[in-house]
Visitor: 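So that we are looking at the same thing, I have put the structure below in structure tokens.
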Amino acid sequence: MEEVTELQPILDAHVPMMKFKYSGISIDLLYASVSLLVVPEDLDISDLSVLYNVDEQTVRSLNGCRVADQILRLVPNVEIVTGFLGGVNWAFFVARVCQFYPNAVPSMLVSRFFRVYTQWRWPNPVMLCAIEEDDELLLPVWDPRKNPRDRTHHMPIITPAYPCMNSNYNVSTSTLRVMMEQFEKGNKIYEVNA
């Protein structure tokens, strides 16, 4: 297509990806290779069978959608959530606060958001549900007891769809400190204006 320019595979990406411009607009296109001869239009990627016979990069690629779907299923009252702060990790934060306060109105959720994350004891992980294991697939899941690399994570946010993993593995001590300062600042601003 003549509208597509600058097409290139990103070989070292965390998930299979191609970068290109379509009519001048930059696009990052994720790819997932599922083990099906024909992909049905009504394919339910939340079904664990989709993860059979696929490579780890495809699992990571599919998990973006699987996690988003699972967040919406795990929030007790989706109607009161007026928006996410940007990015899936912020969505996890908001969803977790909604779980803590299932009957809260949006204004109360804002104050609770800053209070909860000002007091959060990192590196305790933010999790929307228990970490799920699968005896057939045996894909690696986040577990600092078994995986030494997982012990080094400063601000773990664990994805709710199998295989559960830390979606926030690249936070450093300094970026965690900056975020904690901002949570405290947000909490103080809300307390003054409440």
Side-chain angles (χ1 to χ4, degrees), residues 1-96 98-99 125-144 146-147 149-150 153 155-171:
M1 298 172 66
E2 65 182 50
E3 297 92 345
V4 176
T5 58
E6 300 178 32
L7 177 64
Q8 60 181 343
I10 308 302
L11 302 175
D12 59 346
H14 195 59
V15 295
M17 182 177 9
M18 286 189 300
K19 282 181 148 321
F20 60 94
K21 287 193 176 180
Y22 183 85
S23 297
I25 299 170
S26 294
I27 305 225
D28 291 347
L29 181 65
L30 299 184
Y31 174 77
S33 178
V34 294
S35 188
L36 298 169
L37 291 175
V38 176
V39 179
E41 285 187 36
D42 62 344
L43 177 67
D44 179 8
I45 64 168
S46 64
D47 189 330
L48 280 180
S49 66
V50 173
L51 300 179
Y52 285 80
N53 302 316
V54 299
D55 60 23
E56 242 182 277
Q57 288 85 359
T58 293
V59 170
R60 287 194 295 265
S61 187
L62 288 170
N63 239 22
C65 295
R66 289 169 47 79
V67 164
D69 291 346
Q70 189 74 343
I71 288 172
L72 293 176
R73 280 194 289 276
L74 293 170
V75 171
N77 188 355
V78 173
E79 293 77 31
I80 64 165
V81 180
T82 58
F84 296 130
L85 299 174
V88 72
N89 291 317
W90 294 109
F92 290 144
F93 275 13
V94 171
R96 190 65 182 122
C98 289
Q99 286 181 328
V126 170
M127 299 190 312
L128 299 178
C129 59
I131 292 177
E132 189 179 326
E133 302 268 352
D134 185 85
D135 293 335
E136 290 180 37
L137 288 172
L138 298 173
L139 293 168
V141 296
W142 186 84
D143 188 344
K146 296 178 185 172
N147 308 321
R149 185 181 60 197
D150 293 346
H153 297 165
M155 191 182 205
I157 301 171
I158 309 307
T159 59
Y162 179 82
C164 301
M165 57 186 76
N166 180 12
S167 65
N168 203 25
Y169 59 89
N170 59 354
V171 168

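Start at 1 with the first residue, then count along the sequence.
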Visitor: Would you confirm whether D143, through its side chain, and D150, through its main-chain N or O, come within 3.5 Å as a donor-acceptor pair?
Guide: no
Visitor: Judged by atom type as modelled, is there a donor-acceptor pair below 3.5 Å linking the side chain of N168 to the main-chain atoms of P156?
Guide: no
Visitor: Which heavy-atom pair separates P125 from I158 by the least distance, and what is that distance?
Guide: CB-CG1, 3.7 Å
Visitor: Grab the two heavy atoms, one from V50 and one from I45, that are nearest each other, plus how far apart they are.
Guide: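 Result for this residue pair: CG2-CA, 3.9 Å.
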Visitor: Mark yes or no for whether T159, through its side chain, and M165, through its backbone, hold a donor-acceptor pair below 3.5 Å.
Guide: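 Checked: pair present.
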Visitor: Say you draw a straight line from CG of N166 to CZ of R149; how long is it, rounded to the nearest 0.5 Å?
Guide: 10.0 Å
Visitor: Would you say CD of E132 has more than 12 non-hydrogen atoms from neighbouring residues, nucleotides or ligands within 6.0 angstrom?
Guide: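 Result for CD/E132: enclosed.
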Visitor: How long is the span from the CG atom in L30 to the CE atom in M17, to the nearest 0.5 Å?
Guide: 6.0 Å
Visitor: I want to check something: taking the side chain as every heavy atom from C-beta on, are P76 and Q99 in contact at a cut-off of under 4.5 Å?
Guide: yes
Visitor: Taking all atoms of both residues into account, what is the closest heavy-atom pair of L48 and L137, and its distance?
Guide: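 Closest pair (atom of L48, atom of L137, distance): O-CD1, 4.2 Å.
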Visitor: CZ of R60 to OG of S167: how many Å apart, nearest 0.5 Å?
Guide: 13.5 Å
Visitor: Can you give me the closest heavy-atom contact between G24 and K21, atom names plus distance?
Guide: O-CD, 4.0 Å
Visitor: Any side-chain heavy atom of F92 sitting closer than 4.5 Å to one from I71?
Guide: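 Sidechains of I71 and F92: in contact.
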Visitor: Mind checking the CG-CZ spacing from L29 to F20? Nearest 0.5 Å is all I need.
Guide: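 Spacing of CG (L29) from CZ (F20) equals 5.0 Å.
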Visitor: Compare all side-chain heavy atoms of Y31 with those of Q57 and state whether any distance is below 4.5 angstrom.
Guide: no
Visitor: Out of N89, L128, V88, which one pairs with I157 under the side-chain contact (heavy atoms from CB on, under 4.5 Å) rule?
Guide: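 With I157 as partner, side-chain contact (heavy atoms from CB on, under 4.5 Å) holds for just one option, N89.
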Visitor: Can you tell if the side chain of S33 reaches within under 4.5 Å of the side chain of V54, non-hydrogen atoms only?
Guide: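 No, too far: nothing below the 4.5 Å cut-off.
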Visitor: How long is the straight-line distance from CD of E2 back to OH of Y22, given to the nearest 0.5 Å?
Guide: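 Answer rounded to 0.5 Å: 9.5 Å.
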Visitor: Work out which heavy atom in Y162 is nearest to a heavy atom in L51; give both atom names and the distance.
Guide: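 What the structure gives for the nearest pair is O-CD1, 3.4 Å.
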Visitor: How many angstroms lie between atom CD of Q70 and atom SG of C129, to the nearest 0.5 angstrom?
Guide: 5.5 Å
Visitor: Below 4.5 Å, heavy atoms only, C-beta onward: do V38 and L36 meet side chain to side chain?
Guide: no
Visitor: Which heavy atom of P163 sits nearest a heavy atom of N63, and at what distance?
Guide: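 Minimum heavy-atom contact is O-ND2, 3.3 Å.
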Visitor: Given the rule in the side-chain contact (heavy atoms from CB on, under 4.5 Å) test, do V94 and V75 qualify, once you have shown the distances and angles that lead to the verdict?
Guide: CA-CA 9 Å; V94 171; V75 171; over 6 Å; no
Visitor: Answer yes or no: is there a side-chain heavy-atom contact under 4.5 Å between R73 and S46?
Guide: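 A side-chain contact under 4.5 Å exists here.
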Visitor: May I ask you to test the H153-V171 pair for a side-chain heavy-atom distance under 4.5 Å?
Guide: no
